[in-house]
Amino acid sequence: VQLQASGGGLVQVGGSLRLSCAASGRTFSNGVMAWFRQAPGKERESVAHFRLSRGDSSVANSMKGRFTISKNAAKTTVYLQMNSLKPEDTAVYYCAARTSDLITGLLRDPRRYDYWGQGTLVTVSS
C-alpha cells in the first residue's frame, strides 16, 4: 500500500498550491483520506479529510475559505487546493488514509489513520 503525496514547493504569501495524494495497492473507497500538516516544533494537525463512502468532506476551521479538499471519480486520489497562503501555513503536509469510516470529530486525530504518505514540504515566503 502506498500513498504518494506531491505538489509541495515554495510559494509567496498569497499564492496557491495544489497537493495531490494518490493511493495504490488497496482501495480506500469505503474509508477516509485526509491531509495533516506538521510545522517544525509543533504537533501534527488536521487540515482536511474526505469521507469517501459518504462523499462528504471537512476542512479545519482555521483553514476554511482558503483550503478545499476534493477527490477524483475513482476515489483513489485526493487533492488539497490551498489559496491565499500565509507564512504560518509552512509545514510538511502528509496524506493519510483509513479503510473504514468514522465520525468527523474522530477523523481529526492522526492516530485514527493506518496509512501515511511520505509528506510534501510547503514553504510560504514573505
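Predicted model only: the values in this text are computed from it and were never measured.
A donor-acceptor pair is defined here as one N or O able to donate and one able to accept, closer than 3.5 Å; no such pair exists between the side chain of R108 and the backbone of S46. A donor-acceptor contact shorter than 3.5 Å is absent between the side chain of D109 and the backbone of L106. Judged purely by atom type and a 3.5 angstrom limit, R51 uses its side chain to pair as donor or acceptor with the backbone of L102.
Contact record, V92 with G119: CG1-CA, 3.8 Å, taken as the closest heavy-atom pair. Taking each heavy atom of T90 and V124 in turn, the nearest pair found is OG1-N, 2.9 Å. Here the shortest heavy-atom pairing between A5 and T120 reads CB-CG2, 4.4 Å. Of all the heavy atoms in S126 and V13, the pair that sits closest is CA-CG2, 3.7 Å. Across S70 and F50, no two heavy atoms sit closer than the pair CA-CE1, 3.9 Å. Shown here for I69 and M33, the closest heavy-atom pair between the two residues is CD1-O, 4.2 Å.
Residues D101 and V32 meet the side-chain proximity criterion, which asks for heavy atoms closer than 4.5 Å. Contact annotation: the side chain of K75 never approaches that of T27 to less than 4.5 Å [non-hydrogen atoms, C-beta and beyond]. Put simply, the side chain of D89 reaches to within 4.5 Å of the side chain of R66, judged on heavy atoms. Contact annotation: the side chain of L19 never approaches that of Y94 to less than 4.5 Å [non-hydrogen atoms, C-beta and beyond]. In this structure, S57 and K71 have side chains that are not in contact, with every pair of non-hydrogen atoms separated by 4.5 Å or more. Inter-residue side-chain proximity for R112 and H49 is flagged as unmet; no heavy-atom pair is nearer than 4.5 Å.
A cation-pi geometry, defined here as NZ or CZ lying under 6.0 Å from the six-membered ring centre and within 45° of its normal, holds between R18 and Y79.
At a threshold of 4.5 Å between side-chain heavy atoms, the hydrophobic network of Ile, Leu, Val, Met, Phe, Trp and Tyr places Y113 and I103 in one connected group. If you chain together hydrophobic residues whose side chains sit under 4.5 Å apart, L107 and W116 fall into the same group. Linking Ile, Leu, Val, Met, Phe, Trp and Tyr residues whenever their side-chain heavy atoms come within less than 4.5 Å leaves F36 and M63 in two separate clusters. Hydrophobic clustering places L80 together with Y115 (ILVMFWY residues linked when any side-chain heavy atoms are closer than 4.5 Å, directly or through intermediates).
Here the OG-CD distance, from S20 to Q81, works out to 9.5 Å after rounding to the nearest 0.5 Å. The distance from the CG atom of L85 to the OG1 atom of T123 is 10.5 Å, given to the nearest 0.5 Å.
Environment of CD in E88: crowded, with over 12 heavy atoms of neighbouring residues, nucleotides or ligands closer than 6.0 Å.
Between the side chains of S16 and N83, at least one donor N or O lies within less than 3.5 Å of an accepting N or O.
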- [ ] Take R37 and Y93 through the side chain to side chain donor-acceptor pair (under 3.5 Å) test and state the conclusion after the steps.
- [x] CA-CA 4 Å; R37 70 184 184 184; Y93 284 71; 2.9 Å; yes
TODO: Walk me through it: do S100 and R98 pass the test side chain to side chain donor-acceptor pair (under 3.5 Å)?
DONE: CA-CA 6 Å; S100 60; R98 53 176 289 122; 2.7 Å; yes
- [ ] Check step by step if side chain to side chain contact (heavy atoms under 4.5 Å, CB included) holds for L3 and F28.
- [x] CA-CA 11 Å; L3 297 177; F28 297 101; 3.9 Å; yes
